[in-house]
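For reference, the structure discussed in these notes is given below.
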Amino acid sequence: MQNGTGTAASLKDCFFRMTDIVKQYPLGEEYVTILRGISLEIEEGEFLSVLGPSGSGKSTLMNIIGCLDLPTSGEYILKGNVVLDLTEKELSHIRSKEIGFIFQNSQLLQRMDAMKNVELPLIYAGVRPGERHARAEEMLCKVGLEDRMHHMPNQLSGGQQQRVAIARALVTRPSLLLADEPTGALDQATGHQIMDLFHALNQEGHTIIMITHDVNIARNARRVVNIIDGVMTEAEGEVTFA
Amino acid sequence: MRVFGRFMGQVYMFTESCVMAIENIMQNRLRSFLTVLGIMIGVTAVISLITTISAVSSSISSSFTSMGAGTMTLTTTGNDLKDGLDEADMKRIVALEHIRGLSPSVTISCTVARGNTNETNINAQGTNATYFDVHEDMVKSGRTINRIDTDNMSRVCLINKDIVESFFYGVSPIGKTIYLNRIQFTVIGIYESDTSIASLLSGSAKILIPYTTALKMNNASLVSSATLYLDSASASADVQPALEELLDEIFSYEEETYKITTMDSIEETMKTMMSMMSALLGGIASIALVVGGIGIMNMMLTSVTERTVEIGLKKAIGAEPGQIQMQFLIESFLLSMIGGLCGVILGLILSAVMCNLMGTNFVISYGAIVLGVGFSAAVGIIFGWSPARKASRLSPIDALRRM
């Protein structure tokens, strides 16, 4: 391998490193290349925005970062795990342990209350009920929903639903929070509140990767990278689409 | 410790999956009910058929033992010289060890007439005193046929309730005359066939007359059918060789001149027929179960499609494919089991009603319950497998793209 995988020690220390990630999809007889050799390194505790217009490959990148998909080639190391040639089951373990997803429209299960929604990842992780309740409660308090724990999703506002989703992402104590257009479905004021929450979480030491097409939202992050046509560039100074 | 922790994790996961499955089933109550209906009907059919048949066959075999124990039926076709048994032959048979008595059975079909009433094709049976010794409580009023009647070819008869109703409405028949094939008979008693099955086997005779009289009416002198009464229920095996020896001698050692039927062998045949019938009907009923299974599969496939986003989300937050599969499998299993249990209850109620109508004892067949429940569990797992597998293989990316 020309990039080299490094020694065992350096692997273990490595928090997040992508080297030359290429992703191709078959389209009929040919292959479409979505990501053209993306390299990215992130330190623990960073707050990074991936900024790009639709069709730029940022969703594909998110899928690979989130271990929902595997790259065609290249190397991806997350918290010492080499994410390549893994089975679905192994991928699901990494997702369960290392990644907290926050989606655009919160994606709560409608027939469960806030508490149960937050508990869900812990159910799949096999955490015993008592601890599960305690941790879910703690996270809901953290996102400011101590008085809404047993409300059903349809009894909550959009911002509150997104907070539940954030609590759900945090509850497994992941290494990485991965947010896909977290304010996309919210009005500006609520969006700001969510961003304030992100800042607070980052202050506490959570690593956050936020994927967005909105420059104003991307500016909230301490570091912004641009992705256009599957190629990544580090944004310097003023962040624009170039 | 870690292994134990992982095991407990699986347990928590499993119980939560059950809760979620129940919630899903409750969410779509009507659809779940309709789906379950197929399994329910199938199990109901299987249970009620098997239980009813086993109740009928156990009642048949118990009535066999009550009336048939210790009897043998003898039918003779005889040879060219001798087509039946004469008086001396019968005496020799009775003289054999373990044989308590013999009653010949001579069946005639006759036209019965009294006054302006007459009926054709009524079966009358010729018999002797021994028959009444064995079936003591058969005669309800009047007297039985005795030795003197048979020795003298008396023209006397006992009649059953049917004949009383059609020919002696409102009068006491005893001592009255009645014409059988234009021959005058005196009614000496009224009898009642003991059980329905006994009358079935004895050929539903409505009139009993001395066998000698019957033979004369048939222009015959030899008896071709007789019932032997043994001194104990288990004696038939002991009697058979000696009896065969004697009959061979009577019919000059020619082949196929007689046939001995024990109640054991009839019962055996009956049982085989019953179990074949229950297997056949059970097989037909289980088609309903398969149809029910297809219903479940259909619902589960729809459910997987509907819940694509949910499945994708669960996968994104760390659910293993196996856990997703387990959850759907539990759902189809529970659906099928609900149907199965309802079916068992309905089936038992139905068979209790049916047994009641047929007048047989209702016996709960545990085998049928186990079969019904086991079958529905199997249907749930088999037909739930492929939808569950489909769910577990859904790509989270495709699933989430639909958000």
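A note on names: the letters A, B, ... follow the listed sequences, proteins ahead of strands, and every chain is numbered from 1.
- Your options are P396(B), S17(B), A319(B), and the one with the most heavy-atom pairs under 4.5 Å with chain A is A319(B).
- L313(B) contributes atom CG, which lies 4.5 Å from atom CZ of R168(A) (distance to the nearest 0.5 angstrom).
- Considering only heavy-atom pairs separated by less than 4.5 Å from chain A, the leading option among R393(B), M8(B), M13(B) is M13(B).
- At a 4.5 Å heavy-atom cutoff, M62(A) makes no contact with chain B through either its backbone or its side chain.
- Of the atoms belonging to K97(A), not a single heavy atom falls under 4.5 Å from chain B.
- Formation of a donor-acceptor pair under 3.5 Å by the Q323(B) side chain with backbone atoms of Y124(A) is found in this model.
- Among L122(A), L120(A), I123(A), the one residue that satisfies the side-chain contact (heavy atoms from CB on, under 4.5 Å) test with E16(B) is I123(A).
- Note that CZ of R95(A) is 14.0 Å distant from NZ of K314(B), once rounded to the nearest 0.5 Å.
- In this structure, the portions of D69(A) lying under 4.5 Å from any heavy atom of chain B include both its backbone and its side chain.
- Here the side chains of M26(B) and R111(A) are not in contact, with every heavy-atom distance at 4.5 Å or above.
- Across all non-hydrogen atoms, the minimal contact from G126(A) to Y12(B) is O-CD1, 3.8 Å.
- Proximity to chain A is absent for every atom of T15(B), based on heavy atoms less than 4.5 angstrom apart.
- One distance of note links CD of E88(A) with OG of S395(B); it measures 7.5 Å at 0.5 Å rounding.
- In this structure, chain A has no heavy atom under 4.5 Å from any part of Q10(B).
- Salt bridge absent: E23(B) and K116(A) never bring a charged side-chain N and a carboxylate O closer than 4.0 Å.
- Smallest separation of non-hydrogen atoms from N63(A) and I397(B): ND2-CG2, 3.0 Å.
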